[in-house]
Protein chains: 2
Amino acid sequence: MTLALDSAAQDLLFREARTANTFTDEPVTDEQIQAVYDLVKYAPTSMNQQPLRIVLVRSPEARERLVRHMADGNKQKTAAAPLVAILAADNEFHEELPVQFPHYPQAKDVIFAERPVREKSAHFNGSIQVGYFIIGVRAAGLAAGPMTGFDAEALNKEFFPEGDHSVLAVVNIGKPGPDAWFPRSPRLAYDEVVTTV
Amino acid sequence: MTLALDSAAQDLLFREARTANTFTDEPVTDEQIQAVYDLVKYAPTSMNQQPLRIVLVRSPEARERLVRHMADGNKQKTAAAPLVAILAADNEFHEELPVQFPHYPQAKDVIFAERPVREKSAHFNGSIQVGYFIIGVRAAGLAAGPMTGFDAEALNKEFFPEGDHSVLAVVNIGKPGPDAWFPRSPRLAYDEVVTTV
């Protein structure tokens, strides 16, 4: 009992959850995604900047626009998934900071005035939030199929024509279908990853 | 009951967990960190590349070397935490790929031959794993205090003199102490983050 998290939750989120490549026809509802968001929104980001933005691709027309820019090996499963979410970093997250980080409302102008500083921070924190989102999808009893094989520049233009966003990942979401995954690949051992000084 | 994860686990990992700034004296054991790692190692990364590397800073000498390169506002709490972990991306993760991603052993040389490609992928996936690690610390019933205020170049040289690593975050770990946190800052509403097309 080294962990406080109960064993069923450990299985649900980590040990039995797998990246799915096929899904059943069961729909994923807006209520489910809202429940996922309303859970993972509490996980931390630097100065509470919360740069993650999410586009749910529901219409056949939008799905077609998305699939066109996916890598060949990802097209078929992205076309077939019950729901697809595009996860992006908002490089203009600093506009929200005076409200979101009231401890230091000057941060918007003092720290994040320059675009390269914002981009680096948005990509880092947005990527951490991609991790939280994947765990959240699993918390909803759903399988995630996160992908990075796509034309990022094309997706930025196609789905974020306004503002300044960077697509980080595209995630298929649903209940796992037949032959949903490959055998699990190995994981690095503790001693290969962790050292003590 | 929109979520499958039980309510106590939701609280432990997200709703009641907070970024801690003070800690009790209770030690954090290697067994606890190994249990955290052996849980979160199963969460997914692109092509199973697992670029995250962790240095546990235990000796007073190493703690002193670390604190020197932290931002002023982070020095005191980093000096006082029961355990501090340095989280870094290994930009040479591709050396492990032929074993870790047996579906496509050529990926090491075909996709990841060039350093900028590796760096981008290591930073993105390492950052996702930072998110998993924070959740894992909470799963162990501990509080995390993740920080990004430090001299990253100096920490790279100080703690990763060999190979090619990029420090992404430094995380204080322990049981929360007196006045461990500020009041929780606001979170963006669902409609500010999620759109549907």
Side-chain angles (χ1 to χ4, degrees), chain A residues 2-6 9-10 12-15 19 31-35 37-44 46 48 50 52-59 62 96 99-103 124 127-132 134-135 139-141 146 148 159 168 182 185-188 190 193-197, chain B residues 2-6 9-10 12-15 19 31-35 37-44 46 48 50 52-59 62 96 99-103 124 127-132 134-135 139-141 146 148 159 168 182 185-188 190 193-197:
Chain A
T2 311
L3 296 178
L5 186 70
D6 64 274
Q10 295 176 32
L12 179 72
L13 301 182
F14 293 101
R15 274 198 299 263
T19 291
E31 289 67 31
Q32 287 175 295
I33 300 301
Q34 177 140 17
Y37 178 72
D38 283 338
L39 183 69
V40 301
K41 70 181 179 186
Y42 291 116
S46 307
N48 199 34
Q50 309 168 69
L52 188 71
R53 302 293 179 268
I54 301 170
V55 174
L56 302 178
V57 181
R58 287 209 177 274
S59 74
E96 318 295 334
V99 171
Q100 298 301 314
F101 196 64
H103 310 294
F124 172 64
S127 301
I128 291 180
Q129 289 186 286
V130 169
Y132 300 148
I134 291 168
I135 300 298
T148 51
F159 290 96
L168 300 173
F182 304 111
S185 293
R187 292 298 190 272
L188 294 169
Y190 181 75
V193 170
V194 182
T195 55
T196 301
V197 294
Chain B
T2 311
L3 295 179
L5 186 69
D6 62 276
Q10 294 176 34
L12 179 72
L13 301 182
F14 293 101
R15 273 197 300 263
T19 290
E31 289 66 32
Q32 286 175 295
I33 300 301
Q34 176 141 15
Y37 177 73
D38 283 338
L39 184 68
V40 302
K41 71 182 180 185
Y42 292 116
S46 306
N48 197 35
Q50 309 167 71
L52 187 71
R53 301 293 178 269
I54 301 171
V55 173
L56 303 179
V57 182
R58 288 208 177 272
S59 73
E96 317 294 335
V99 171
Q100 298 300 316
F101 195 64
H103 309 296
F124 172 65
S127 301
I128 292 179
Q129 288 185 286
V130 169
Y132 299 148
I134 291 168
I135 300 298
T148 51
F159 289 95
L168 299 173
F182 304 112
S185 293
R187 291 299 189 271
L188 294 169
Y190 182 76
V193 171
V194 182
T195 54
T196 300
V197 295

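Any value given below was found using the heavy atoms of this structure, including those in side chains, with hydrogens, waters and symmetry copies removed. Throughout, protein chains are lettered first and strands after them, A, B, ... in sequence-line order, and every chain is numbered starting at 1.
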query: Step by step, would you call A:Thr196 with B:Val57 a side-chain contact (heavy atoms from CB on, under 4.5 Å)?
result: CA-CA 6 Å; A:Thr196 301; B:Val57 182; over 6 Å; no
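- If you measure heavy-atom distances from A:Ser59 to chain B, the contacts under 4.5 Å come from both the backbone and the side chain.
- Under the 3.5 Å distance criterion, the side-chain polar atoms of B:Asn48 are matched with a main-chain donor or acceptor of A:Pro186.
- For chain A, the option among B:Leu12, B:Leu39, B:Ile134 with the highest count of heavy-atom pairs below 4.5 Å is B:Leu39.
- Looking at every heavy atom in both residues, A:Arg187 comes nearest to B:Lys41 through NE-O, 2.6 Å.
- For the options B:Pro44, B:Pro146, B:Gly141, B:Ser46, heavy-atom pairs under 4.5 Å to chain A are most numerous at B:Pro44.
- The two residues B:Tyr37 and A:Leu188 make their nearest non-hydrogen contact at OH-O, 2.7 Å.
- When all heavy atoms of A:Leu52 and B:Val193 are compared, the pair lying nearest together is O-CG1, 3.4 Å.
- Remark: A:Phe124 CZ to B:Phe124 CZ distance equals 12.5 Å, nearest 0.5 Å.
- Listed options A:Ala62, A:Ala9, A:Ala140 were ranked by heavy-atom pairs under 4.5 angstrom with chain B; first place goes to A:Ala140.
- For the set B:Gln50, B:His103, B:Glu96, the count of heavy-atom pairs under 4.5 angstrom toward chain A peaks at B:Gln50.
- Residues A:Tyr190 and B:Ile33 are in side-chain contact: their nearest non-hydrogen atoms beyond the backbone lie under 4.5 Å apart.
- The part of A:Thr19 that comes within reach of chain B is its side chain, from C-beta onward, which places non-hydrogen atoms under 4.5 angstrom from that chain.
- Nearest heavy atom pair, residue A:Ala35 against residue B:Leu3, reads CB-CD2, 3.9 Å.
- Between the side chain of B:Arg58 and the backbone N or O of A:Val197 there is no donor-acceptor pair closer than 3.5 Å.
- Chain A forms more heavy-atom pairs under 4.5 Å with one residue of B:Gln32, B:Arg53, B:Gln34 than with any other, namely B:Gln34.
- Using a 4.5 Å cut-off between heavy atoms, A:Leu168 touches chain B through backbone and side chain atoms alike.
- Contacts of B:Phe14 classified as ring-ring contact (aromatic ring centres under 6.0 Å, His included), with partners at least two apart in sequence or in another chain: none.
- Closest heavy-atom contact between B:Gln100 and A:Ser185: O-CB, 3.3 Å.
- Contact check for B:Ile128 versus A:Tyr132: no side-chain heavy atoms found under the 4.5 Å cut-off.
- Annotation: side chain of A:Leu56 is not in contact with side chain of B:Thr195 (no heavy-atom distance under 4.5 Å).
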